[in-house]
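All values below come from the heavy atoms of this structure, side chains included, with hydrogens, waters and symmetry mates left out.
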Amino acid sequence: MSNITDAQRCMKCSKYEKSNTGRTSCIPRDINYLSYGDQLGATFSSISVTFSISCAVILGIFIKYRETPIVRANNRYLSCLLLISLMLCFLCTLLFIGRPTQICCLLRQVTFGIVFTISVSSVLAKTLTVIIAFNATKPGSKLKKYVGTQLAIILVIVCSLVEIVISAVWLAFNPPFPEADTLSDPDYIILLCNECSDFFFFCIIGYIGTLALLSFIAAFLAKDFPDRFNEAKNITFSMLGFCSVWGAFVPAYLSSKGSRMVAVEIFAILSSSAGLLGCIFIPKCYIIFLRPELNTKDPIVRK
């Protein structure tokens with residue numbers, strides 16, 4: 001800018017300012033981040049709260065009907081754990097909305113990684129439970145000692161501990177921090193969380209993706225087991241959608257900047273979580289309320 005007529009040299013504005021339209025003075029640059037006041041931020045937060053309430057309602061339904069065959073047949077404890085973790089998955093997106101702070105930057109990727117690992121490992125454990133249960137009925141099978149909830153819970157704990165270790169190392173050596181980006185856009189100061197290490201971030205994404213791929217393969221192999229006991233077909237569809245969403249997430253995330261990066265990650269979290277909730281639990285709720293005659297022991301055994 002220059003406020004002197006016929007000046008031979010202009011004065012550069014500071015990195016937090018820009019020149020006005022007449023180039024006669026410096027004015028503060030606008031601040032940009034995904035806030036609750038934005039239409040996109042408000043939409044994401046509303047969807048997040050709505051789906052988390054849906055998870056709580058379905059959890060209440062499963063607790064009420066916990067003694068019915070459709071709930072008992074597919075490991076009700078893992079179902080409840082999966083619903084709780086999905087509820088936290090939806091709620092963790094709220095950490096991505098609003099002005100970035102030190103505590104939000106430290107927690108949001110770690111929280112997302114841990115609760116998503118619990119969700120996907122629960123799906124993997126449910127699938128392996130189905131496979132073990134049906135193969136254990138073969139004469140002389142050594143899998144009978146693994147039938148039950150103990151193996152499934154151990155699997156979820158081990159998978160979650162691996163994710164916790166990755167997150168702890170990330171926070172110990174390269175903790176994320178809030179940052180003001182003054183270079184990407186000449187008109188705006190973009191407030192964001194500097195993840196500090198793309199390696200650890202994609203380690204978390206890759207680990208969750210590996211668990212999801214294993215769940216998809218196991219569910220695909222188990223999809224032809226008797227249908228009423230077996231939710232492997234539903235898990236196959238949910239994991240196919242899950243892997244598709246996160247496969248598309250990587251190039252979309254890398255090609256985005258500022259608040260759009262945050263929006264891309266929130267969309268991936270919400271859509272993949274909604275896919276798990278819809279594919280796995282909505283068919284059970286349909287049978288509980290609209291087809292109660294199928295929710296008895298006789299049709300299950302006959303099938």
Pairing residues for Thr24 by the side chain to side chain contact (heavy atoms under 4.5 Å, CB included) criterion, not counting sequence neighbours: Asn20
Are [X] and [Y] packed together at the side-chain level, in the sense that at least one heavy-atom pair is separated by less than 4.5 angstrom?
| X | Y | value |
| --- | --- | --- |
| Ser259 | Asn32 | yes |
| Leu171 | Val110 | yes |
| Phe216 | Phe242 | no |
| Ser160 | Ile114 | no |
| Met1 | Lys12 | no |
| Lys257 | Ile190 | no |
| Leu155 | Leu128 | yes |
| Cys89 | Phe116 | yes |

Output the distance between atom [atom1] ([X]) and atom [atom2] ([Y]), rounded to the nearest 0.5 Å.
| X | Y | atom1 | atom2 | value |
| --- | --- | --- | --- | --- |
| Ile266 | Leu94 | CD1 | CG | 8.5 Å |
| Phe96 | Phe44 | CZ | CZ | 11.5 Å |
| Tyr36 | Ile97 | OH | CD1 | 5.0 Å |
| Ser85 | Leu83 | OG | CG | 7.5 Å |
| Ile166 | Ile208 | CD1 | CD1 | 9.0 Å |
| Ser122 | Leu81 | OG | CG | 4.0 Å |

Determine, stepwise, if the pair Cys80 / Leu59 fulfils side chain to side chain contact (heavy atoms under 4.5 Å, CB included). CA-CA 6 Å; Cys80 291; Leu59 179 61; 3.8 Å; yes
[Y] reachable from [X] in the ILVMFWY side-chain graph, under 4.5 Å edges:
| X | Y | value |
| --- | --- | --- |
| Ile153 | Ile164 | yes |
| Ile204 | Leu192 | no |
| Phe237 | Val245 | no |
| Leu191 | Leu34 | no |
| Phe220 | Leu211 | no |

For the backbone of Cys159 and the side chain of Tyr207, can you confirm whether one donor and one acceptor N or O come within less than 3.5 Å of each other? yes
Side-chain (Arg72) to main-chain (Pro69) donor-acceptor, under 3.5 angstrom: no
Could you go through Val71 and Ile288, starting from their C-alpha distance and side-chain angles, then the distance that decides it, and tell me whether this counts as side chain to side chain contact (heavy atoms under 4.5 Å, CB included)? CA-CA 9 Å; Val71 176; Ile288 289 173; 4.2 Å; yes
Can you sort out the partners of [X] under ring pair (Phe, Tyr, Trp, His ring centres under 6.0 Å), two or more places apart, ordered by chain and number?
| X | value |
| --- | --- |
| Phe51 | Phe90 |
| Tyr33 | none |
| Phe62 | Phe281 |

Hydrophobic cluster of Ile4, others only, ordered by chain and residue number, side-chain cut-off 4.5 Å: none
Evaluate side chain to side chain contact (heavy atoms under 4.5 Å, CB included) for Ser25 paired with Asn3, printing each intermediate quantity in order. CA-CA 7 Å; Ser25 64; Asn3 54 9; over 6 Å; no
Taking all non-hydrogen atoms of both residues into account, name the closest pair between [X] and [Y] and its distance.
| X | Y | answer |
| --- | --- | --- |
| Lys15 | Arg29 | O-NH1, 2.7 Å |
| Ser119 | Leu82 | O-CD1, 3.4 Å |
| Ser215 | Ile235 | O-CG2, 4.5 Å |
| Ile189 | Ala180 | CG2-CB, 3.9 Å |
| Ala219 | Thr127 | N-CG2, 3.2 Å |
| Gln102 | Pro176 | NE2-O, 3.5 Å |

So for atom [atom1], which belongs to [X], do other residues, nucleotides or ligands contribute more than 12 heavy atoms lying within a distance under 6.0 Å?
| X | atom1 | result |
| --- | --- | --- |
| Tyr188 | OH | no |
| Phe202 | CZ | yes |
| Tyr16 | OH | no |

Please list all pairs passing the side chain to side chain donor-acceptor pair (under 3.5 Å) test where one or both residues lie in [range], with sequence neighbours left out.
| range | answer |
| --- | --- |
| residues 39-65 | Ser48-Thr93 |
| residues 104-114 | Gln109-Glu195, Gln109-Glu265 |
| residues 237-255 | Trp246-Ser272 |

Among pairs that include at least one residue of residues 158-174, which meet salt bridge (charged side-chain N to carboxylate O under 4.0 Å, His left out), considering only residues two or more places apart or in two chains? none
Met239 vs Ile217, side chain to side chain contact (heavy atoms under 4.5 Å, CB included): CA-CA, chis, key distance, verdict: CA-CA 9 Å; Met239 285 296 102; Ile217 293 172; over 6 Å; no
Shorter than 2.5 angstrom, is that how the SG atoms of Cys193 and Cys104 come out? no
Looking only at the side chains, is there a donor atom on one of Lys284 and Ser79 sitting less than 3.5 Å from an acceptor on the other? no
What pairs of residues pass the disulfide bond (SG atoms under 2.5 Å apart) test when at least one of them lies in residues 238-270, not counting sequence neighbours? none
For Glu17, side chain to side chain donor-acceptor pair (under 3.5 Å) partners two or more places apart: Ser14
Can you sort out the partners of Asp38 under side chain to side chain donor-acceptor pair (under 3.5 Å), two or more places apart, ordered by chain and number? Ser35
